Undergrad: 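Got a structure for you, questions after.
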Amino acid sequence: MSGLERLNSLPASAAESEFLKCCGAKAWALSMVEQRPFADVAELLSKADDIWQSLGSADWLEAFRSHPKIGEQKAQQAQSETAQTWSEQEQAGTLDSAAETMKSLAEGNHQYEERFGHIFIVCASGKTANEMLAILQARLPNDLDLELHVAAEEQRKITSIRLQKLVIDPGP
């Protein structure tokens, strides 16, 4: 059974838990459960994007709270073991970073959170700590509304990557 077939066949509560590994917005996860079954991965990703775009800022902020700050291990809101592992993999670019870069990221995270009221969200996959720091610094001047939408787009990218990981065919 493929990962997508498994996801389509899960009881609603189990499917919701699987979707919450990909995105911490409960309304998004519940809507994804209702949209099943998905014919293929393309439909899964398309529906995920459509649902994400239909949600409001409170849902987006809920999703942001399920991520650890860049360079940290623990999210504000509880994460599943799978989501925590994915966060660590996504932030692998910070592992060998210089102490000064990590200090700058921590300071930038604090400034960002003070300014916008939520953690800095970036699709960190494949990015170095220096690249993430540059993105953070470039986004600090944004106004509140623009930044919320930029962060929501980054969350959408993260969700898409995680959904693909979720349904990779585990083989026989």
Side-chain angles (χ1 to χ4, degrees), residues 15-35 42-80 82-94 97 101-166:
E16 179 187 355
S17 293
E18 292 296 292
F19 287 123
L20 285 170
K21 293 175 184 177
C22 301
C23 176
K26 199 157 183 61
W28 177 86
L30 290 170
S31 293
M32 289 296 289
V33 169
E34 292 170 3
Q35 292 296 312
E43 182 185 12
L44 170 75
L45 298 176
S46 176
K47 296 278 186 178
D49 286 352
D50 291 346
I51 292 167
W52 181 248
Q53 295 301 330
S54 75
L55 297 177
S57 59
D59 298 304
W60 293 350
L61 293 169
E62 180 183 24
F64 300 168
R65 289 190 295 272
S66 69
H67 292 278
K69 293 176 186 173
I70 295 295
E72 295 186 11
Q73 300 294 314
K74 189 153 174 63
Q76 180 181 356
Q77 170 173 301
Q79 286 183 292
S80 71
T82 301
Q84 189 169 1
T85 298
W86 287 343
S87 289
E88 289 169 7
Q89 291 168 349
E90 292 157 2
Q91 292 192 38
T94 64
S97 299
T101 301
M102 294 309 293
K103 181 180 178 205
S104 294
L105 264 173
E107 289 169 358
N109 280 333
H110 179 73
Q111 286 178 305
Y112 183 98
E113 198 165 356
E114 286 289 311
R115 175 154 168 64
F116 298 111
H118 59 83
I119 70 164
F120 170 64
I121 297 289
V122 64
C123 184
S125 295
K127 291 179 178 66
T128 66
N130 285 328
E131 289 170 323
M132 288 183 268
L133 179 59
I135 293 167
L136 188 156
Q137 291 169 336
R139 286 172 45 188
L140 275 172
N142 288 347
D143 68 45
L144 296 176
D145 187 56
L146 172 61
E147 184 52 31
L148 179 62
H149 284 84
V150 170
E153 173 58 15
E154 293 298 304
Q155 173 65 55
R156 187 200 62 75
K157 292 176 194 175
I158 294 164
T159 301
S160 179
I161 290 167
R162 290 180 175 190
L163 280 169
Q164 291 174 68
K165 288 179 182 179
L166 186 67

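Here the structure is a predicted model, which is why all the values come from computation and not from measurement. We number each residue from 1, following the sequence as shown. Heavy-atom basis, side chains included; hydrogens, waters and symmetry copies ignored.
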Undergrad: Would you mind reporting whether Asp50 and Ser46 have side-chain heavy atoms less than 4.5 Å apart?
TA: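 In short, these two side chains touch, coming nearer than 4.5 Å.
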Undergrad: Glu62 vs Arg65, test: salt bridge (charged side-chain N to carboxylate O under 4.0 Å, His left out). Steps then yes/no.
TA: CA-CA 5 Å; Glu62 180 183 24; Arg65 289 190 295 272; 5.5 Å; no
Undergrad: Do Val33 and Phe19 have side chains that get closer than 4.5 Å, going by heavy atoms?
TA: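 Heavy-atom side-chain distance check passes, below 4.5 Å.
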Undergrad: Just to verify, what does Phe120 make a ring pair (Phe, Tyr, Trp, His ring centres under 6.0 Å) with, not counting sequence neighbours?
TA: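 Per chain and number, Phe120 pairs via ring pair (Phe, Tyr, Trp, His ring centres under 6.0 Å) with Tyr112.
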Undergrad: With a 4.5 Å limit on heavy-atom distance, are the side chains of Ile121 and Ile119 in contact?
TA: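 With C-beta onward as the side chain, the pair touches.
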Undergrad: Do Lys127 and Ile135 have side chains that approach each other closer than 4.5 Å (heavy atoms only, starting at C-beta)?
TA: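 With C-beta onward as the side chain, the pair touches.
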Undergrad: Quick check on side chain to side chain donor-acceptor pair (under 3.5 Å): which of Lys157, Arg156, Gln164, Arg162 does Ser160 satisfy it with?
TA: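 In the set Lys157, Arg156, Gln164, Arg162, the residue that makes a side chain to side chain donor-acceptor pair (under 3.5 Å) with Ser160 is Gln164.
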Undergrad: Please lay out, stage by stage, how Arg115 and Glu147 fare under the test salt bridge (charged side-chain N to carboxylate O under 4.0 Å, His left out).
TA: CA-CA 10 Å; Arg115 175 154 168 64; Glu147 184 52 31; over 6 Å; no
Undergrad: Can you check whether Trp60 and His118 have ring centres sitting under 6.0 Å from each other?
TA: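 No, ring centres 6.0 Å or more apart.
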Undergrad: If we only count heavy atoms from C-beta on, is the Arg139 to Glu154 side-chain gap below 4.5 Å?
TA: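 Yes, close enough: below the 4.5 Å cut-off.
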Undergrad: Any side-chain heavy atom of Lys47 sitting closer than 4.5 Å to one from Glu43?
TA: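 Heavy-atom side-chain distance check passes, below 4.5 Å.
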Undergrad: Students often mix this up, so state it plainly: with edges at 30° and 60°, are the rings of Phe64 and Trp52 parallel, tilted or perpendicular?
TA: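 Geometry flag for Trp52 against Phe64: tilted rings.
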Undergrad: Tell me, with the steps shown, if Leu148 and Leu61 meet side-chain contact (heavy atoms from CB on, under 4.5 Å).
TA: CA-CA 9 Å; Leu148 179 62; Leu61 293 169; 4.1 Å; yes
Undergrad: Do you see a donor-acceptor pair shorter than 3.5 Å between the side chains of His67 and Gln155?
TA: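 Yes, because at least one side-chain N or O of His67 sits under 3.5 Å from a partner of the opposite role on Gln155.
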Undergrad: Side-chain contact, heavy-atom cut-off 4.5 Å: Glu16 with Lys26?
TA: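 In short, these two side chains touch, coming nearer than 4.5 Å.
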Undergrad: Report yes if some heavy atom in the side chain of Leu163 is under 4.5 Å from a heavy atom in the side chain of Leu44; otherwise report no.
TA: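 The answer is yes; the side chains approach within 4.5 Å.
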Undergrad: Identify, with sequence neighbours excluded, every residue that meets ring pair (Phe, Tyr, Trp, His ring centres under 6.0 Å) alongside His110.
TA: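 So His110 forms no ring pair (Phe, Tyr, Trp, His ring centres under 6.0 Å) with any residue.
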Undergrad: Got a donor-acceptor contact below 3.5 angstrom from the Gln137 side chain to the Gly108 backbone?
TA: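 The answer is no, because no donor-acceptor pair under 3.5 Å joins these two groups.
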